[in-house]
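Everything on this sheet refers to the single structure shown next.
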Number of protein chains: 2
Amino acid sequence: MNISKREQIINASDKLFYQQGFEHTSFAHIAKVVKISRGNFYYHFKTKDEILDAVISYRLSKTNEMLESWEIKGETPENRIRSFINILVMNRSKIKNYGCPVGTLCSELVKLNHPSLKHANELFTLFRLWLKRQFELLGHKKNADNLAMHLLARSQGIATLSSAFHDEKFIKNEVNDLEIWLSLYVNSTSKSNKAVL
Amino acid sequence: MNISKREQIINASDKLFYQQGFEHTSFAHIAKVVKISRGNFYYHFKTKDEILDAVISYRLSKTNEMLESWEIKGETPENRIRSFINILVMNRSKIKNYGCPVGTLCSELVKLNHPSLKHANELFTLFRLWLKRQFELLGHKKNADNLAMHLLARSQGIATLSSAFHDEKFIKNEVNDLEIWLSLYVNSTSKSNKAVL
DNA sequence: GTCTATAGTATGATAGAC
DNA sequence: GTCTATCATACTATAGAC
């Protein structure tokens, strides 16, 4: 199983951008990991922004795969949403160390006023639309997008504080709350539960 | 009213670190804003990390002042917590553009593995302990710290998504939910409301 | 496709004149 | 206290040999 140099670069960049941030990661650093010279680098990517876009595209396709697998695996919308909530627990160690890969990338690109922010944002939109559909299937037609955004925001906040305080246990506490929150929205109309956000 | 060059540097850095991020902001950039030469800079601060620490200390003292004013102004713990929630609305324009100054700084320092992360974290801790005290006064003795962390996380998530989607309206929606959430915790024991997180 | 060599720029930081 | 000049380093990026 041979993996192309290009893919190796994307994989390494994906990891490094997550762990060290985009700007802080240099060509030299990526080249060192992939074990190619800095000069050879430019055969594969002309600019650093090109790598960023490739990494975002890579993450988008991985995310799409994940959402599709949840779609197949989860028998009810509730179970599918639980799959989303559970990535916080599954990745708690990484999140504690580096935060959420989507949220921290977008935050950085916002500050850099980077043109690829919109591209990175598609990662959020992917989750947003997927969650929205699940909530619609639960009967929350009008409220679905708000609920999706609410759940995304809760997840982001959990990731931010977990990494700031370097606290894994906090994730479990909050995920527990999230699951209780979700159960209140299962098999209920959006009207009757408006107050329980 | 003369403001010292040192203070001018701290003010400018505070703003620039917030808007552009710490690493992305250079001495040259700060010097340009303050209108001093890059060389003169080193009379006031020996290293860039020294400025960061000064900025964090500055933010800590400003935050302390704010919390004390809420303490005096707010007649009930509920009102004081509402003051906290309302900074999201008050600063919604800045938050939309640059996120939360505390959260985004900590996120960046986490990625940089920067020694001043602990110092920056004191900003979170300041809010955390203050909120914890308010929840204790509301009768939630055992749950107070969890509630404080929960509220902090909710705020962080709101700020992150608002800036990622460049959406101000989302802040108002979520703040509305937060206020409903808070009202459920006013004059109630922690037991009876455990399920309404 | 991979390498070395190197250009050009910006950075953090220092020395010393005024 | 403020300035100019300068250094060493790291970076993105290019040119050209193999």
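Model, not experiment: these values are computed from the prediction. Every chain is numbered from 1 and lettered A, B, ... according to where its sequence line falls, protein lines coming before strand lines.
D:dC3 atom P lies 7 Å from atom CD1 of B:I36, rounded to whole Å. Taking atom CG of A:L52 as the reference point, atom C1' of D:dT12 lies 15 Å away to the nearest angstrom. Distance NE2 (A:H24) to C1' (C:dT11): 14 Å, rounded to an integer number of Å. Taking atom NZ on B:K48 and atom P on D:dA10, their separation rounds to 15 Å, with Å as the unit.
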Exercise. Before giving the answer on side-chain contact (heavy atoms from CB on, under 4.5 Å), spell out for A:L123 and A:T63 the whole-Å C-alpha distance, their side-chain angles and the decisive distance to 0.1 Å.
Key: CA-CA 8 Å; A:L123 284 160; A:T63 305; 3.6 Å; yes
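We find that B:E136 and B:K141 are not joined by a salt bridge, their nearest charged nitrogen and carboxylate oxygen being 4.0 Å or further apart.
Geometric assessment of B:K48 against the ring of B:F22 yields a positive cation-pi assignment under the 6.0 Å and 45° thresholds.
Across C:dT6, C:dG12, C:dC3, the shortest atom-to-atom separation from the side chain of A:R38 is found for C:dT6. With distances taken from any side-chain atom of A:S26 to the nucleotides D:dT12, C:dG12, D:dC3, the minimum falls on D:dT12. With C:dT11, C:dG1, D:dC11 as the candidates, the nucleotide lying closest to the side chain of B:A28 is C:dT11. Closest to the side chain of A:Y42, out of D:dT14, C:dT2, D:dT2, is D:dT14.
Among the atoms of the strands shown, only primed sugar atoms or phosphate atoms (P, OP1, OP2) are found under 4.0 Å from some heavy atom of B:F27.
Close to C:dG1, at under 4.0 Å from its OP1 or OP2, lies a side-chain N or O of A:Y43. Close to C:dG1, at under 4.0 Å from its OP1 or OP2, lies no side-chain N or O of A:N40. Residue A:H44 places at least one side-chain N or O closer than 4.0 Å to OP1 or OP2 of C:dT2.
Separation of the A:F45 and A:F27 ring centroids does not fall under the 6.0 Å cut-off.
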